Protein chains: 2
Amino acid sequence: MKKLFPLVTTDIALFTIIDDSLRVLLVKRANTPEPGKWALPGGVLDPASDSDLDDTAQRVLSGKTGVDVPFLDQVATFSGATRDPRGWSVSVLYYALLPRDQVPAIAGKKTEAIEWRDAFAPGSRLAFDHADLIRAALATLRDKVERAALPLHLLPDRFTLTELQQTCELILGRALDKSVFRRRLKDEPRIVQLEGEFLYGSQRPAQLYGAAEGFRF
Amino acid sequence: MKKLFPLVTTDIALFTIIDDSLRVLLVKRANTPEPGKWALPGGVLDPASDSDLDDTAQRVLSGKTGVDVPFLDQVATFSGATRDPRGWSVSVLYYALLPRDQVPAIAGKKTEAIEWRDAFAPGSRLAFDHADLIRAALATLRDKVERAALPLHLLPDRFTLTELQQTCELILGRALDKSVFRRRLKDEPRIVQLEGEFLYGSQRPAQLYGAAEGFRF
DNA sequence: TCAATAGTGTCTGTTAGACACTATCCC
DNA sequence: GGGATAGTGTCTAACAGACACTATTGA
C-alpha cells in the first residue's frame, strides 16, 4: 500500500545516569514493522491533540514512561523513502534528560518492555535507523556540554560539584580537572550554593548546589 | 477543510553577499494563503520524486532559482496547528549559501518576483512565521562561523584573506582583528594558498586562496 | 613620492591545564 | 591519627586582543 502523505513521527532519546554510566531508554517493539526489535520511544503525530511537535514528543514520552521530563529539545529531522518500511517517513528527533533519581518512577509505570542501554554502545540491530538517531542525539548533548552547558537535568535537585563534574565527564567521555572545572563555575549564575546544606559521608562534607531560578540548560 | 495529515514542506534561507551586506532571498507569494506577502522559498514534499527532505530542499530551490547551491544544511523543524492557515504543518528549515559571484545567475533564471533582503532586517510583515525562520537560520550560520567554520561557500573559488575576513565580519556583525584572524588560519587545512596567484589592484597584490579538496564548511 | 591595502611582529592580560597542596569530615 | 574526599593555590604554556610596524603595488 502506497501512501500519498508521509508518516510524521517523533522519536525521543531519553538519557539518564545509571551506575555511573550514561544510558538511553529503548523500548521493545510489539507491533510491525520490525516487531521484537529495540527502538527509541516514538509515536506518530496526532494533529487533533498536539499543538506542535514538541507537544507530540511530550505526549509520546509521557505515554510510554508515565513521567513528564523536565527537559526536551529538538536534535534534527530524519526523513526518506526507505528508512521505514511503511513508506515515506519524517521523524523529528528530540532528546530529553531524566534526573538520576527519577529512574525508578519509570520502572513502575512502564507499559512495555524497556531497557536502559549504554548510550555509547546501545547494541546492534536496533529498529529502523535508530542507531543513527542515538548517535546524533549523543553528539548534540556532548556538543552542548562541551560548550559549557550544564546538564543539571540529569542530577537531583540538590547536588555536589563533584557529582556535576562526574556527570559532565560521563557525557564527554574524558576526565576533567577538578580545579579547572570549579574555577569556571566560580561566577556561574546558573547554579546557586545552598547555604548551609551539605552532603555528609565518611569524609569531609560536600557543599550542595541547586539550579538557579529559570535554568534551562 | 480539515486535513488528517500535516502539510510537510521545506523552506530555505538562501544567503549571499551583495554590496558588502549579508542578504537572504525572499520570494513574493503568488497564491493563497498570504498572497502578495514575501516569504522564504519553499515547497511541499513530493514523496514520488524526493528520496529525502534534503532532496526536497535542493529541488525546490533549484526550481525557484535555477541554480544548484553548493551548500545546504538543516537548521530546525517548525511545526504546529496554526502557523499555516491551511492547517497543521511541518516545515523543515534549511539554510544555503550562494557564492557572491553567482547572484546574477539567479536574476536571469527566476520565474517569480524575488528580492535579496538584508538578512538582519528582512522587513516586517513576512508570510507565515518566516521572520522567525530567518532569525533561526541566521543564528545557526553565525554560531558556526563563531565556532571557526569558514563560510567559503559565500566566496568565489579564489579569494583573498581580506575578503574572507570581511565575510566573517558581515556574518558576525562585528570587526575582527586582522592579525588574530590570520594567525588562526596559519595551519588551516581547509584553505590552500594558490601558489603564484594574486589579486592585483591599486595597491600591494593580495595572495589568493582556494578551498581545500573535500571542504564542506 | 604618496595612497592604499597586504601582511607581520610584539606586548600584555587572560585562561586552560597540570598538579601539589590544604581542609574537614568519619572512623 | 588515618583514610577519604572536598576544596584551594600556583606555576606555566598557550592564546586572544590590541596595535604598531613593515612590504609592495599603482598612480
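All values derive from a computational prediction rather than experimental measurement. Proteins come first, then strands; the chains are lettered A, B, ... in the order of their sequence lines, and each starts at number 1.
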**Q.** Asp177(B) side chain to Val180(B) backbone, donor-acceptor under 3.5 Å
**A.** yes
Q. Looking only at atom types and distance, does a side-chain atom of His153(A) sit under 3.5 Å from a main-chain N or O of Leu97(A), one as donor and one as acceptor?
A. no
Q: Could you list by number each residue of residues 145-169 of chain B showing a heavy-atom separation from DNA chain C of less than 4.0 Å, or answer none if no residue does?
A: Thr162(B)
Q: Keeping to residues at least two apart or across chains, list the ring pair (Phe, Tyr, Trp, His ring centres under 6.0 Å) pairs with something in residues 160-196 of chain A.
A: none
Solution key, residues 8-25 of chain B side-chain donor-acceptor pairs under 3.5 Å, sequence neighbours excluded:
residue: Asp11(B); atom: OD2; partner: Ser91(B); partner atom: OG; Å: 2.6
residue: Thr16(B); atom: OG1; partner: Leu98(B); partner atom: O; Å: 2.7
residue: Ser21(B); atom: OG; partner: Ile18(B); partner atom: O; Å: 3.3
residue: Ser21(B); atom: OG; partner: Arg23(B); partner atom: NE; Å: 2.5
residue: Arg23(B); atom: NH1; partner: Trp116(B); partner atom: O; Å: 3.1

Contact list (N/O, under 3.5 angstrom) for nucleotides 14-18 of chain D vs protein:
residue: dA16(D); atom: N7; partner: Arg183(B); partner atom: NH2; Å: 3.1
residue: dG17(D); atom: N7; partner: Arg183(B); partner atom: NH2; Å: 3.1
residue: dG17(D); atom: O6; partner: Arg183(B); partner atom: NH1; Å: 3.4
residue: dA18(D); atom: N7; partner: Asp177(B); partner atom: OD2; Å: 3.4

Q: Run the numbers on Phe78(A) and Val90(A) for side-chain contact (heavy atoms from CB on, under 4.5 Å), then give the verdict.
A: CA-CA 6 Å; Phe78(A) 294 76; Val90(A) 174; over 6 Å; no
Q) Are Arg117(A) and Trp38(A) in a cation-pi setup, meaning NZ or CZ lies under 6.0 angstrom from the ring centre and within 45 degrees of the ring axis? A) yes
(Q) According to salt bridge (charged side-chain N to carboxylate O under 4.0 Å, His left out), who are the partners of Glu188(B), at least two apart in sequence or on a separate chain? (A) Arg190(B)
For nucleotides 22-26 of chain D, list the nitrogen or oxygen atoms of the protein found under 3.5 Å from its nitrogen or oxygen atoms, one pair per line.
residue: dA23(D); atom: O4'; partner: Arg204(B); partner atom: NH1; Å: 3.4
residue: dA23(D); atom: N3; partner: Arg204(B); partner atom: NH1; Å: 3.0
residue: dT24(D); atom: O2; partner: Arg204(B); partner atom: N; Å: 3.4
residue: dT25(D); atom: O2; partner: Arg204(B); partner atom: N; Å: 3.4

Q) Partners of Asp84(B) by side chain to side chain contact (heavy atoms under 4.5 Å, CB included), sequence neighbours excluded? A) Leu7(B), Pro33(B), Arg86(B), Ser89(B), Phe128(B)
Q) Run the side-chain contact (heavy atoms from CB on, under 4.5 Å) check on Leu172(A) and Leu176(A) step by step: do they pass? A) CA-CA 9 Å; Leu172(A) 297 178; Leu176(A) 301 174; 4.2 Å; yes
Q.
Could you tell me the boundaries of the chain A footprint on DNA chain C, defined by atoms under 4.0 Å from its heavy atoms?
A. dA16(C) to dC26(C)
Q: Could you grab the distance from atom CG of Leu154(A) to atom CG of Leu141(A), nearest 0.5 Å is fine?
A: 7.0 Å
Q | Nearest-0.5 Å distance, CG of residue Leu61(B) to CG of residue Asp68(B) | A | 8.5 Å
**Q.** Pairwise salt bridge (Lys or Arg N to Asp or Glu O under 4.0 Å) hits with a residue in residues 159-168 of chain A, at least two apart
**A.** Arg100(A)-Glu163(A)
Q: Could you name each residue pair satisfying salt bridge (Lys or Arg N to Asp or Glu O under 4.0 Å) that touches residues 129-149 of chain A, not counting sequence neighbours?
A: Asp73(A)-Lys144(A), Arg83(A)-Asp129(A), Asp132(A)-Arg135(A), Asp143(A)-Arg147(A), Asp143(A)-Arg147(B), Glu146(A)-Arg174(A), Arg147(A)-Asp143(B)
Q. Can you list the steps and then say if Thr162(A) with Arg182(A) is a side-chain contact (heavy atoms from CB on, under 4.5 Å)?
A. CA-CA 9 Å; Thr162(A) 300; Arg182(A) 285 163 185 247; 3.3 Å; yes
Q.
So if I take the C1' atoms of five pairs at each end of the helix from dT1(C)-dA27(D) to dC27(C)-dG1(D) and get each local axis, what angle do the two axes make, rounded to 10 degrees?
A. 10°
Which pairs would a plain distance check flag for residues 202-217 of chain B, meaning a side-chain donor or acceptor within less than 3.5 Å of a matching protein atom at least two apart in sequence or in another chain?
residue: Gln207(B); atom: OE1; partner: Gln193(B); partner atom: NE2; Å: 3.3
residue: Gln207(B); atom: NE2; partner: Leu194(B); partner atom: O; Å: 2.8
residue: Gln207(B); atom: NE2; partner: Glu197(B); partner atom: O; Å: 3.3

